[in-house]
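See below for the structure under consideration.
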Amino acid sequence: VQLQASGGGLVQTGGSLRLSCTASGLTLNSYVVAWFRQAPGKEREGVSCISTNNGTLYYARSARGRFAVSRDNAKNAVYLQMSNLEPEDTAVYYCASHPRTTCEVRYGARPVDYNYWGQGTLVTVSS
């Protein structure tokens with residue numbers, strides 16, 4: 001099983017990026033998929049999550065209203081559309097899958113709960 005995150009890059013403040021998470025050996029629409037990010041010197045934090053029935057949850061308060069997570073089952077992919085990017089969004093972004101069908105609400109996105117991870121893609125937002 002392998003997840004691959006891609007789509008990162010350098011963008012100016014206010015710009016947009018779409019991150020992709022693809023998988024081999026795993027059918028993503030059977031699992032919860034979450035996006036995490038880790039900025040230099042900071043802990044990994046949950047950004048958003050999509051359930052198997054396409055319910056979405058945005059853990060990072062700063063992501064609400066600017067980011068959108070979605071699936072394309074035909075492509076076995078999950079996307080994170082990021083708009084109006086800010087320098088504070090600079091981080092390595094990871095996708096991860098969780099062997100359940102719904103996003104965790106009560107305890108938030110805990111990395112330990114996710115068993116498969118992509119390698120990360122760097123997003124840099126310049127001011």
>> Could you check whether Asn29 and Thr27, counting side-chain N and O atoms only, form a donor-acceptor pair closer than 3.5 Å?
In response: no
> Are Tyr94 and Tyr114 an aromatic pair by the rule of ring centers under 6.0 Å?
Replying inline: no
>> What I want to check is whether the side chains of Arg100 and Thr102 have a donor and an acceptor closer together than 3.5 Å.
In response: yes
> Looking at Val125, Thr90, Thr124, which hits side-chain contact (heavy atoms from CB on, under 4.5 Å) with Val11?
Replying inline: Val125
>> Counting C-beta onward and ignoring hydrogens, is there a side-chain heavy-atom pair between Leu3 and Ser97 closer than 4.5 Å?
In response: yes
> Is the backbone N or O of Val69 less than 3.5 Å from a side-chain atom of Tyr58, with the two atoms forming a donor-acceptor pair by type?
Replying inline: yes
>> Can you confirm whether Met82 sits close enough to Val123 that some side-chain heavy atom of one is under 4.5 Å from a side-chain heavy atom of the other?
In response: yes
>> If you define the side chain from C-beta out and look only at heavy atoms, does anything of Thr101 sit under 4.5 Å from Asn53?
In response: no
> Would you find a donor on one side and an acceptor on the other, under 3.5 Å apart, between the side chain of Arg110 and the backbone of Gly46?
Replying inline: no
> If you measure only the distance, is there a donor-acceptor pair under 3.5 Å linking the side chains of Tyr93 and Arg37?
Replying inline: yes
> Can you tell if the side chain of Phe36 reaches within under 4.5 Å of the side chain of Val92, non-hydrogen atoms only?
Replying inline: no
> Checking Gln12 side chain against Gly15 main chain: does a donor-acceptor pair fall under 3.5 Å?
Replying inline: no
> Within 45 degrees of the axis of the six-membered ring of Trp117 and under 6.0 Å from its centre: does Arg44 put its NZ or CZ there?
Replying inline: yes
> Counting only heavy atoms not in Glu86, do more than 12 sit closer than 6.0 Å to its CD atom?
Replying inline: yes
>> So, taking the atom named OG in Ser62 and the one named CG in Asn84, what distance separates them when rounded to the nearest 0.5 Å?
In response: 11.0 Å
>> Counting C-beta onward and ignoring hydrogens, is there a side-chain heavy-atom pair between Gln81 and Leu17 closer than 4.5 Å?
In response: no
> So if you build clusters from Ile, Leu, Val, Met, Phe, Trp, Tyr with side-chain heavy-atom gaps below 4.5 Å, do Val47 and Tyr79 land together?
Replying inline: no
>> I need the minimum non-hydrogen distance between Ala5 and Cys95, along with the two atoms involved.
In response: CB-SG, 4.0 Å
> Are Val1 and Trp35 connected, step by step, through hydrophobic side chains (Ile, Leu, Val, Met, Phe, Trp, Tyr) whose heavy atoms are closer than 4.5 Å?
Replying inline: yes
> Tyr59 versus Cys49: any side-chain heavy-atom pair under 4.5 Å?
Replying inline: yes
>> Looking at Asp89 and Arg66, is any side-chain nitrogen of the basic one under 4.0 Å from a carboxylate oxygen of the acidic one?
In response: yes
> Can any side-chain N or O of Thr121 pair as donor or acceptor with the backbone N or O of Gly8 at less than 3.5 Å?
Replying inline: yes
> Got a donor-acceptor contact below 3.5 angstrom from the Gln2 side chain to the Gln4 backbone?
Replying inline: no
>> Is any side-chain heavy atom of Ser48 closer than 4.5 Å to one of Leu80?
In response: yes
> Taking all non-hydrogen atoms of both residues, which atom of Cys103 and which atom of Ser51 are closest, and how far apart?
Replying inline: SG-N, 3.6 Å
> Is it true that Ile50 and Leu28 fall in one hydrophobic cluster, defined by side-chain heavy atoms closer than 4.5 Å?
Replying inline: yes
>> Taking Leu57's backbone N and O only, do any of them form a donor-acceptor pair with Arg64's side chain (distance below 3.5 Å, no angle check)?
In response: no
>> Closer than 3.5 angstrom, by distance alone: can the side chain of Asn76 be matched with the main-chain N or O of Ser24 as a donor-acceptor pair?
In response: no
> Counting N and O atoms only, with roles assigned by atom type, does the side chain of Thr13 sit under 3.5 Å from a partner on the main chain of Ser126, one being a donor and the other an acceptor?
Replying inline: yes
> Is there a chain of hydrophobic side chains (I, L, V, M, F, W, Y, each step under 4.5 Å between heavy atoms) that links Tyr116 to Val32?
Replying inline: no
> Should we count CZ of Phe67 as having more than 12 external heavy atoms under 6.0 Å?
Replying inline: yes
>> Less than 4.5 Å apart, side chain to side chain, heavy atoms only: is that true for Asn115 and His98?
In response: no
